[in-house]
Amino acid sequence: MPKAMVLEEFNKPLVEIEYPLPRLGRGEILVKLEASGVCGSDVHMWRGKDPRTPLPLILGHEGVGRVVEVDGDKRDIYGQPLGPGDLVIWDRGVTCNSCYYCAVKKEPSLCVNRKVYGINISCKDAPHFRGCYAEYLVLFEDTKVLKITEEVAPEILVAASCSGATSAHTHQLCGITEGDSVVIQGPGPVGLFALAFALDSGAGITVVIGAQGDEKRLKLAEDFGATHTLNVSDTTVEERHQFVMDHTGGHGADVVIDTTGSPRALAEGVRLAAKGGTYALPGVAVPIGQVPISFYEDVAVKNLRIQGVWVSDTRHLYQAVRLVLSGRYPFDRLVTHKFDLKDATQAMETMERKEAIKAVLRP
Ligand SMILES: [Zn+2]
Ligand SMILES: [Zn+2]
């Protein structure tokens, strides 16, 4: 019987469980996973920090796989028919199209009925396989699927499904244009995707800030094309502030993007933004308490826009996939660690210790 790695108890190793090969419901698609990304959110969920986590749960919301079986006539977003053997990636969020946010605000990221593989669907009921740390995944009828016809290694593409898509959403909300100066806090997968999107839009000065243990990630940021990198472990807050001011004509950065979700980084980040700038927060994915911000000095008189970024929708997945497939950036070097499915706990530890830039499971 096919296997899955199940989160039964927070902070304990995931448990290998076998479930019967699922029978498909109406319009569902059975996918055999070829690559499952280990996202920072998985580590948060494993550690019990994410309030959305129903137990028991098959973790994993980033996946690329091959279609095994489809129920009925199924097509991808381009209208191409889907059948056995097709390589596919899909929007990890399944939205209802009929709630206020879907239907009126046209913001499916905020859908009140959003179901997310590997995040808010427990595996206790059949068909069980609703997370990517498993050999199979059953896609709900309403899942938006992209058939991949280009030559690409599944493990390279897989980060597009969450990290890449969330960065694309950030990019849309920030509206980076030619010549904008951009600071990115955190050189992990979200930060590197955000950097690539910024560079692709003609960003001028790009400063990526990392912390101790991020040396490899900062090097990769330079190879993506960042004009500058800074390490928190060998600079002070004031030195970094001065550095950004010195490189932006004393203005600060037009766009600052935090991908760390660290209160300390947030307090620092608002001060790095220029007047009329944007401070975006894709990194705040779990509750982090309160952050002291001087709203008069750092927000009001600067006309600063503080921009939340909650998850992503299909257009963002599409953009992230196109960016990876473009070959313009070395996304192949993002994946530093590959693990067997049974070693999923070890893979999360590797991400938590920042040994990996991106770890991927190969079910
Ligand atoms: Zn909805
Ligand atoms: Zn994620």
Side-chain angles (χ1 to χ4, degrees), residues 5 7 33 35-47 49-53 57-64 89-121 130-134 137 140-144 155 157-171 186-194 257-261 281-286 308-317 319-321 324 331 334-335 337 344 347-348 350-352 354 356-361:
M5 298 305 291
L7 174 63
L33 285 152
S36 306
V38 179
C39 178
S41 302
D42 298 342
V43 178
H44 289 145
M45 297 177 81
W46 175 43
R47 292 299 185 198
K49 291 180 188 162
D50 190 322
R52 295 175 293 179
T53 317
L57 177 73
I58 301 172
L59 283 174
H61 51 276
E62 294 187 341
V64 170
I89 190 168
W90 49 90
D91 189 339
R92 67 196 187 287
V94 182
T95 53
C96 77
N97 300 323
S98 53
C99 75
Y100 176 71
Y101 294 100
C102 285
V104 177
K105 303 303 273 186
K106 306 291 184 196
E107 291 272 12
S109 304
L110 301 175
C111 172
V112 296
N113 301 308
R114 189 171 181 268
K115 291 181 287 202
V116 194
Y117 299 105
I119 290 190
N120 63 6
I121 313 157
R130 299 291 195 191
C132 298
Y133 287 14
L137 183 72
F140 290 104
E141 181 177 19
D142 296 334
T143 305
K144 279 92 168 181
E155 65 267 27
L157 189 61
V158 76
S161 56
C162 172
S163 312
T166 303
S167 300
H169 192 188
T170 307
H171 187 68
V190 175
L192 291 167
F193 266 101
I257 298 171
D258 173 74
T259 70
T260 71
L281 311 173
V284 182
V286 293
V309 183
W310 189 245
V311 302
S312 58
D313 67 42
T314 309
R315 98 184 98 166
H316 308 122
L317 170 68
Q319 290 164 351
V321 166
V324 172
F331 281 107
L334 201 69
V335 180
H337 291 66
M348 287 194 293
T350 311
M351 286 297 286
E352 192 174 40
K354 292 209 242 182
I357 299 178
K358 182 81 191 175
V360 172
L361 308 179

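Keep in mind that the numbers below use all heavy atoms, side chains included, and drop hydrogens, waters and symmetry copies. Indexing begins at 1, ligand by ligand and atom by atom, following the structure's order. Quick caveat: nothing in here was measured; it's all calculated off a predicted structure.
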CG on Leu59 to CE on Met45, rounded to 0.5 Å: 6.0 Å
Side chain to side chain donor-acceptor pair (under 3.5 Å) partners for Thr260, two or more places apart: Asp258
Distance-only side-chain donor-acceptor flag, Asp91 / His316, under 3.5 Å: no
Where His169 and Ser312 come nearest, the two heavy atoms and their spacing: ND1-CA, 3.8 Å
Residue and atom names of protein N/O/S atoms that fall under 2.8 Å from the Zn ion (ligand 2): Cys39 SG, His61 NE2, Cys162 SG
Cys102 atom SG and Cys111 atom SG as seen from the Zn ion (ligand 1), angle to 10 degrees: 100°
Value rounded to 0.5 Å, distance of CD1 in Ile119 from SG in Cys162: 6.5 Å
Tyr133 side chain reached by Val38 side chain, heavy atoms, under 4.5 Å: yes
